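Input: a single structure, listed below in structure tokens.
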There are 2 protein chains.
Amino acid sequence: MSSPSPGTATPAPAPEVSDMLCFSIYAAGHAFTQLYRPLLDKLGLTYPQYLVMVTLWNRDGQNVKELGKTLFLDSSTLTPLLKRLDAAGLITRTRNPRDEREVLLRLTPAGQALKGEAAEIMRCVAAAVGQDGQTIDTLRAAIDTIRDRLHAQRKA
Amino acid sequence: MSSPSPGTATPAPAPEVSDMLCFSIYAAGHAFTQLYRPLLDKLGLTYPQYLVMVTLWNRDGQNVKELGKTLFLDSSTLTPLLKRLDAAGLITRTRNPRDEREVLLRLTPAGQALKGEAAEIMRCVAAAVGQDGQTIDTLRAAIDTIRDRLHAQRKA
DNA sequence: CTCGATTCAATTGAGCGCAAATCACAGGAG
DNA sequence: CTCCTGTGATTTGCGCTCAATTGAATCGAG
């Protein structure tokens, strides 16, 4: 008697992926990546590389650990990605003389210069999303709340 | 004079990743994957493999194209994934005798049997998300709307 | 029936993401 | 100073994701 529909002819609820919040987020993430691809191709960046650049544009000179904390990414993901940005001439990677364990990430002039181009991309994405700022902020807050709850679960 | 804040001391708005909806979705997606990992390890599945199984539990005997349409994934992603599910004894992959281009995907008894274990996982995930069904449905609808808009943009 | 276009799956190459193991450095206890 | 522990980054191995290409089968025009 624990079923919501009591007795007759409901063989199984049969959940579909389209009913699952995790799948909505999964699919929307891919859709964003594919939206960004042609826009970022002009800058020679991938979507995760772009997120790294946005973070560095806000605070230059952080180390890998701090960057990873902001993006929720592991150093084993970031190290090869940062090497590619380095090879592309957008950042430099130097050990901190005060603590040789840390690698400091600094934008090159070329890396700084890309910031100007990014504004145009943000406008394109906002247009593609096609929702007002209020709606987006509310949605974002709801998603972040869930993310934080999932991360908290991780420790428990 | 094109700046929104007219004259004084606003050097740059400096958008951060935490202000970007795309990043919220990106990070939440990873959080879900990490929540699922220990749960699915018991079944020997990865998260994308689990989504495939959920889809096949709902409709057995589809081909790769149809599966990809549901999950928004390409055959180049699915082919190796399906080979792993085949190697694990959860599905079979056979050419459609009516049209030899298609590969039909069918659950094995072992693949069917996993469906029972999945209910428990869904309960764990729902508990971790910790929101009522109404809230989740609203959130999911909003995300799906944006996803559809992004996909539509793709064609234009 | 033959030719050309289309469709479905598979393959290839590059990059992302994470767990686990490794290496180097820093800092404290003795 | 030496050992031990902890931390930051890298390496390795596996799987996912997609663009581009290939190969095989189907279908339609003539």
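Each chain gets a letter, A, B and so on, in the order its sequence line appears, and its residues count up from 1. These values consider heavy atoms only, across backbone and side chains, with no hydrogens, waters or symmetry-generated copies. Predicted model only: the values in this text are computed from it and were never measured.
- Partners of A:R123 by salt bridge (charged side-chain N to carboxylate O under 4.0 Å, His left out), not counting sequence neighbours, listed by chain and number: A:E120.
- With sequence neighbours left out, A:R93 forms a salt bridge (charged side-chain N to carboxylate O under 4.0 Å, His left out) with A:D86.
- Across all strands shown, A:L73 has heavy atoms under 4.0 Å from sugar-phosphate atoms exclusively, and none from any base.
- Distance CG (B:L78) to P (C:dA9): 9 Å, rounded to an integer number of Å.
- In this structure, the side chain of B:D74 does not engage the main chain of B:T77 through any donor-acceptor pair within 3.5 Å.
- Looking at B:S76, its side chain comes within 3.5 Å of the base of D:dA19 through a donor and an acceptor atom.
- If you check residues 59-71 of chain A against DNA chain C, you find no residue with a heavy atom closer than 4.0 Å.
- Here B:D60 pairs with B:R106, B:L107, B:Q112 under the side-chain contact (heavy atoms from CB on, under 4.5 Å) rule; sequence neighbours left out.
- Every residue was checked against the side-chain hydrogen bond (donor to acceptor under 3.5 Å, both in side chains) condition with B:D19, not counting sequence neighbours, and none meets it.
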Per-pair distances, 0.1 Å, donor-acceptor, side chain in residues 31-54 of chain B, under 3.5 Å, sequence neighbours excluded:
{"residue": "B:T33", "atom": "OG1", "partner": "B:G29", "partner atom": "O", "Å": "3.1"}
{"residue": "B:T46", "atom": "OG1", "partner": "B:Q49", "partner atom": "N", "Å": "3.3"}
{"residue": "B:Y47", "atom": "OH", "partner": "A:C22", "partner atom": "O", "Å": "3.3"}
{"residue": "B:Q49", "atom": "OE1", "partner": "B:T46", "partner atom": "N", "Å": "3.1"}

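- Taking atom NZ of residue B:K83 and atom C1' of nucleotide D:dC14, one finds them 16 Å apart after rounding to whole Å.
- Contact annotation: B:T79 side-chain N/O to C:dA10 OP1/OP2 distance is under 4.0 Å.
- Whole-Å rounding puts the A:D74 CG to D:dG15 C1' distance at 16 Å.
- Without hydrogens or angle criteria, A:N58 side chain to B:P15 main chain gives a donor-acceptor distance under 3.5 Å.
- Listed by first and then second residue, the ring-ring contact (aromatic ring centres under 6.0 Å, His included) pairs that reach into residues 58-94 of chain A are A:F72-A:H151, sequence neighbours excluded.
- Using a 4.0 Å cutoff on non-hydrogen atoms, the parts of residues 30-56 of chain A near DNA chain D are A:H30, A:Q34, A:R37, ordered by number.
- Remark: side-chain polar atoms of A:S24 are not paired, donor with acceptor, to backbone N or O of B:D144 under 3.5 angstrom.
- Counted by atom type alone, B:D148 and B:T145 present zero donor-acceptor pairs between their side chains at under 3.5 Å.
- We find that CG of A:L81 is positioned 18 Å from P of D:dT17, with the value rounded to whole Å.
- Contacts with DNA chain C (heavy atom under 4.0 Å) in residues 85-103 of chain B: B:R93, B:R95, B:R101, B:E102, B:V103, listed by number.
- Residues meeting the salt bridge (charged side-chain N to carboxylate O under 4.0 Å, His left out) test with A:D99, sequence neighbours left out: A:R101.
- With sequence neighbours left out, the salt bridge (charged side-chain N to carboxylate O under 4.0 Å, His left out) criterion links A:E100 to no other residue.
- The hydrophobic clustering, which links ILVMFWY residues whose side-chain heavy atoms are closer than 4.5 Å, places B:W57 and B:L104 apart.
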Between the protein and nucleotides 2-4 of chain D, list every N/O to N/O distance that falls short of 3.5 Å.
none

